Engineer: 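A single structure is presented below for examination.
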Amino acid sequence: AQKVTQAQTEISVVEKEDVTLDCVYETRDTTYYLFWYKQPPSGELVFLIRRNSFDEQNEISGRYSWNFQKSTSSFNFTITASQVVDSAVYFCGHTGGFKTIFGAGTRLFVKA
Amino acid sequence: SQTIHQWPATLVQPVGSPLSLECTVEGTSNPNLYWYRQAAGRGLQLLFYSIGIGQISSEVPQNLSASRPQDRQFILSSKKLLLSDSGFYLCAWSAGTGVYNEQFFGPGTRLTVL
């Protein structure tokens, strides 16, 4: 069965620090997609990125970057030069079909 | 552009009372629809998903049910609420053209059962 583990429950950093959020998944699917979502204090989840299992190229979008390593079943998310507005809960997810399984989330606190 | 609506935003209900939460999507046809629950400080638990009108898949056996009476309408119901039903309920949609599409979430309903 699919499983997504976000071992870091909470992370606290000071503004401008870099921070990496870990995501490890288990799957039997040969084709699957991985996701990251952000949940700010307002509660609504915001889609950040989708990555398919055949594309291991790292991706950068502004201060955000993602490192997908199939060999270690990891899909880690790095925020460079963190800002207070990055404070949120971040969820990693996996889908091999219609359903997406999410990790428990990592709560990030960025202090000014 | 697509928009997803949920209401009510907050709800306080007594134990044993019925529940009806509604979710509607605009700007797309034949979406896949989902209901999730998030307990306080916890992750997302998939409750139901639907790939078409009248087609509901249940992920967690409990006293909740879901219905999809129209293509872009998804309803979460209960005949008798339990204290454990308290939580943040999120509706989401994804494009029905594929199975690997990202989901887009509504603003959520915060339910407190007293």
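Predicted model, so just to flag it, every value in this text is computed and none were measured. Every heavy atom of this structure was used, including side-chain atoms; hydrogens, water molecules and symmetry mates were not. Naming: A, B, ... by sequence-line order, numbering from 1 per chain.
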Engineer: Ignoring hydrogens and geometry, is there a side-chain-to-backbone donor-acceptor pair from A/Y37 to B/Q103 under 3.5 Å?
Structural biologist: yes

Engineer: Applying a strict under-4.5 Å side-chain criterion to I, L, V, M, F, W and Y, I'd like to know whether A/F91 and A/I49 cluster together.
Structural biologist: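 No; tracing contacts between hydrophobic side chains, which count when under 4.5 Å, never links both residues.
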
Engineer: Answer with side chain, backbone, both or neither: which region of B/Q6 has an atom nearer than 4.5 Å to a non-hydrogen atom of chain A?
Structural biologist: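 Neither the backbone nor the side chain of B/Q6 comes within 4.5 Å of chain A.
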
Engineer: Take atom CG of B/L114 as the centre, draw a 6.0 Å sphere, and report whether it contains more than 12 heavy atoms from other residues, nucleotides or ligands.
Structural biologist: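 Counting neighbours around CG of B/L114, more than 12 heavy atoms of other residues, nucleotides or ligands fall under 6.0 Å, so yes.
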
Engineer: Report, by ascending residue number, the residues of residues 45-53 of chain B in heavy-atom contact with chain A at a distance under 4.5 Å; give 'none' if the set is empty.
Structural biologist: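 When heavy atoms of chain A are the reference, residues 45-53 of chain B contributes B/L46, B/Y49, B/I51 within the under-4.5 Å range.
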
Engineer: Hey, which of A/S42, A/A104, A/G97, A/G105 has the most heavy atom pairs under 4.5 Å with chain B?
Structural biologist: A/G97

Engineer: More than 12 heavy atoms of other residues, nucleotides or ligands under 6.0 Å from CD of A/E10: yes or no?
Structural biologist: yes

Engineer: Is A/T9 close to chain B through its backbone or its side chain, or both, or neither, when contacts mean heavy atoms under 4.5 Å?
Structural biologist: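 Contact with chain B is absent: no heavy atom of A/T9 under 4.5 Å.
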
Engineer: Could you state whether B/I75 and B/W93 fall into the same hydrophobic cluster, counting links through intermediate Ile, Leu, Val, Met, Phe, Trp or Tyr residues with side-chain heavy atoms under 4.5 angstrom apart?
Structural biologist: no

Engineer: Do A/Y33 and A/F75 belong together in a cluster built from hydrophobic side chains that touch within less than 4.5 Å?
Structural biologist: no

Engineer: What's the verdict on side-chain contact (heavy atoms from CB on, under 4.5 Å) for A/T95 and B/E102, showing C-alpha distance, side-chain angles and the deciding distance?
Structural biologist: CA-CA 9 Å; A/T95 185; B/E102 62 271 26; over 6 Å; no

Engineer: Using non-hydrogen atoms and a 4.5 Å limit, figure out which bit of A/Q6 sits close to chain B: side chain, backbone, both or neither.
Structural biologist: neither

Engineer: Let me confirm one number: the CD-CZ distance from A/E44 to B/F104, rounded to the nearest 0.5 Å.
Structural biologist: 11.5 Å

Engineer: Between B/Q38 and A/F102, does a side-chain contact (heavy atoms from CB on, under 4.5 Å) hold up when you go through it step by step?
Structural biologist: CA-CA 11 Å; B/Q38 185 178 25; A/F102 290 94; over 6 Å; no

Engineer: How many angstroms lie between OG1 in A/T100 and OH in B/Y34, if you round to the nearest 0.5 Å?
Structural biologist: 6.0 Å

Engineer: Is there a path of hydrophobic side-chain contacts, each under 4.5 Å between heavy atoms of I/L/V/M/F/W/Y residues, joining B/F105 to A/W36?
Structural biologist: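 A/W36 does not cluster with B/F105.
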
Engineer: Could you have a look at B/S57, B/G108, B/S94, B/P107 and say which one has the most heavy-atom pairs with chain A under 4.5 angstrom?
Structural biologist: B/P107

Engineer: Name all residues meeting the salt bridge (Lys or Arg N to Asp or Glu O under 4.0 Å) criterion together with A/D29; count only those two or more places apart in sequence or in a different chain, and write none if there are none.
Structural biologist: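 Listed in chain order: nothing, the list is empty.
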
Engineer: How about A/K70: does its NZ atom have over 12 heavy atoms from other parts shown lying under 6.0 Å from it?
Structural biologist: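 Yes, the 6.0 Å shell around NZ holds more than 12 heavy atoms from other groups.
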
Engineer: Under 4.5 Å from any heavy atom of chain A, what part of B/L90 do you find: side chain, backbone, both or neither?
Structural biologist: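 Just the side chain, heavy atoms under 4.5 Å.
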
Engineer: Flag yes if B/L76 and B/L44 sit in one hydrophobic cluster, no otherwise; membership is Ile, Leu, Val, Met, Phe, Trp, Tyr, and two members link when side-chain heavy atoms are under 4.5 Å apart.
Structural biologist: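 Yes; tracing contacts between hydrophobic side chains, which count when under 4.5 Å, links both residues.
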
